[in-house]
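Below is one structure, written out as structure tokens; comments come after it.
For clarity, every value in this text was computed on a predicted model and none was experimentally measured. Computation of the quantities below employed the complete heavy-atom set of this structure, encompassing side-chain atoms and omitting hydrogens, waters and symmetry-equivalent molecules. The sequence lines fix the lettering, A, B, ..., with proteins before strands; numbering per chain opens at 1.
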Amino acid sequence: METLFCFWGNPFMSFDYIISILKPMLEGAQMTVLLFIIAIIVSIPLGFLLTMAVSSRIKPLSWIAQGYIYVMRGTPLLLQLLFICFGLPMIPVIGEYLVLDRFVAACLGFILNYAAYFAEIFRGGLLALDKGQYEASQVLGLNKWQMTTKIIMPQMFRIALPALANESVTLVKDTALLYAVAVPELLHFAETAVNRDFTIVPFVVAGIIYLIMTLVLTLIFKWIEKRFRFE
Amino acid sequence: MAIIQVSNLKKSFGRLDVLKQITFNVNKNDVVAVIGPSGSGKSTMLRSLVHLEQIDAGSICVSGEYLVKEGIYPKLQDIKQITAKMGMVFQHFNLFPHLTVQENLEIAPRLVKKESASGTRQRSTELLEKIGLANKAKAYPANLSGGQKQRVAIARALMMNPEILLFDEPTSALDPELTGEVLQVMKDLAEEHMTMIVVTHEMGFAQEVANQVIFMDDGEIIESGHPSEIFTKPRFERTKAFLNRSLK
């Protein structure tokens with residue numbers, strides 16, 4: 001009842017109060033968006049390269065890529081972030097050179113982790129491709145590079161889009177893990193306001209900001225899907 | 001003069017011999033129909049001519065150059081050069097779904113032969129008119145009927161100016177009422193003296209258009225000859241039995 005009362009208690013539902021907490025929270029949201037953009041721009045191509053490595057005929061390369069994906073998907077992202085931020089500097093001798101800026105470290109963690117997930121998504125797209133596409137390309141005389149870039153990749157990307165969209169929404173929400181490595185982002189500012197003012201309004205506002213971000217992202221992906229429907 | 005010479009072709013998948021001692025010749029301007037029950041190795045034979053299947057022994061010679069000589073293949077560059085003389089039309093069309101009809105036609109000449117955009121555009125437009133699909137140039141394959149798809153696939157193969165056109169059951173995936181339009185395009189090509197090898201279940205087409213029929217069963221050529229001989233007086237019991245089943 002206490003909390004409920006607090007929620008409806010006038011001072012914190014006022015417009016002025018929300019404006020006052022909105023400013024730092026939106027700054028935090030900028031961090032979230034920045035991380036999201038960096039992570040997605042780097043990890044999608046990296047994931048594609050991993051997929052290529054997994055399906056490579058060079059066995060050791062394929063094994064290394066598969067092992068990498070297994071480790072990245074088999075351990076919590078939070079653990080990986082903590083490892084990069086706090087674990088790497090503790091390695092003897094080379095550790096002192098591995099002290100990274102928190103945000104840089106977080107970007108690295110997200111990129112390395114999400115590349116593995118995107119690789120699996122792309123692999124699914126690759127498996128769904130009809131083998132007739134390869135045969136037609138071969139008979140028409142296309143070389144490996146032309147086949148990959150002009151025939152396989154566009155179709156694989158199309159098939160992977162819904163799963164890609166889903167994973168990207170997860171990425172937006174996962175940015176909240178920055179909180180654990182003390183990079184000030186949206187959730188951090190919300191929590192600060194909650195503790196300071198003893199109201200849950202900032203949490204609600206944070207939730208709404210996340211919803212807006214994921215809504216925009218979903219709409220963008222819907223638009224891309226429509227654009228690449230090939231009908 | 002034979003444009004394709006195949007001798008003693010052998011291929012096995014594990015312990016199963018799918019091709020045993022296949023030997024035949026195809027002359028320039030011939031239309032060869034390859035008939036036979038499912039699993040007789042017809043498609044495998046056809047696919048080995050364009051190196052979609054690797055054979056274990058034997059030779060394939062295409063207009064004087066060996067694609068494979070006594071089971072030994074030359075280097076990849078030579079293989080590509082020889083298979084470029086042939087175009088292939090697949091049972092399931094294998095059009096590129098992310099490209100429009102016109103782009104499907106133009107992609108290979110543009111990428112492989114580095115032809116100019118204006119040149120390929122002119123030829124693709126002509127070909128689409130010829131197969132009666134000029135109004136579908138900007139459509140995607142998903143919006144075409146099966147018969148239209150297969151006609152586009154034939155046009156796509158023709159864009160590369162092949163000396164020989166191979167058809168792997170071109171009408172088997174089509175609804176019966178759509179086979180006619182595809183067979184008509186093939187007949188037109190035959191009249192223009194295109195050399196064609198057609199693996200088919202369309203006995204009417206084999207009888208009417210082909211000037212050589214090859215009957216295969218169980219990985220072997222049982223008999224071959226002019227359609228008038230094969231269809232009216234087959235020499236072997238297996239041919240008779242197959243024809244009785246298919247012509248009913």
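Comparing B:Leu99, B:Thr83, B:Val50, B:Leu52 by how many heavy-atom pairs each has under 4.5 Å with chain A, the most go to B:Leu52.
Side chain of A:Gln133 to backbone of B:Leu95: a donor-acceptor contact under 3.5 angstrom is found. Using modelled atom types, one side-chain atom of B:His98 and one backbone atom of A:Lys150 make a donor-acceptor pair closer than 3.5 Å.
Between B:Tyr140 and A:Phe230, the angle of the ring planes lies from 30° to 60°, which puts this pair in the tilted group.
Heavy atoms from other residues, nucleotides or ligands lying under 6.0 Å from CD1 of A:Ile58 number 12 at most. In this structure, A:Tyr97 places its OH atom where only 12 or fewer heavy-atom neighbours from other residues, nucleotides or ligands lie under 6.0 Å away. For B:Glu192, the CD atom is densely surrounded, since the number of other residues' heavy atoms within 6.0 Å is greater than 12. Within a 6.0 Å sphere centred on NZ of B:Lys80, other residues, nucleotides and ligands contribute more than 12 heavy atoms. The 12-atom threshold is exceeded at NZ of B:Lys113, counting heavy atoms of other residues, nucleotides or ligands nearer than 6.0 Å. The 12-atom threshold is not exceeded at OH of A:Tyr70, counting heavy atoms of other residues, nucleotides or ligands nearer than 6.0 Å. Counting non-hydrogen atoms of other residues, nucleotides and ligands closer than 6.0 Å to NZ of B:Lys138 gives a total of 12 or fewer.
B:Arg47 touches chain A through its side chain: at least one heavy atom from C-beta onward sits under 4.5 Å away, while N, CA, C and O do not. Proximity to chain A involves both the backbone and the side chain of B:Phe96, based on heavy atoms less than 4.5 angstrom apart. In this structure, chain B has heavy atoms under 4.5 Å from both the backbone and the side chain of A:Glu135. Residue contact with chain A, scored on non-hydrogen atoms closer than 4.5 Å, involves the side chain of B:Met160 exclusively.
Using a 4.5 Å heavy-atom threshold, the side chains of A:Leu140 and B:Val112 count as separate. Here the side chains of A:Val139 and B:Leu166 are not in contact, with every heavy-atom distance at 4.5 Å or above.
Residues A:Gln146 and B:Leu111 approach most closely at NE2-O, 3.1 Å, considering heavy atoms.
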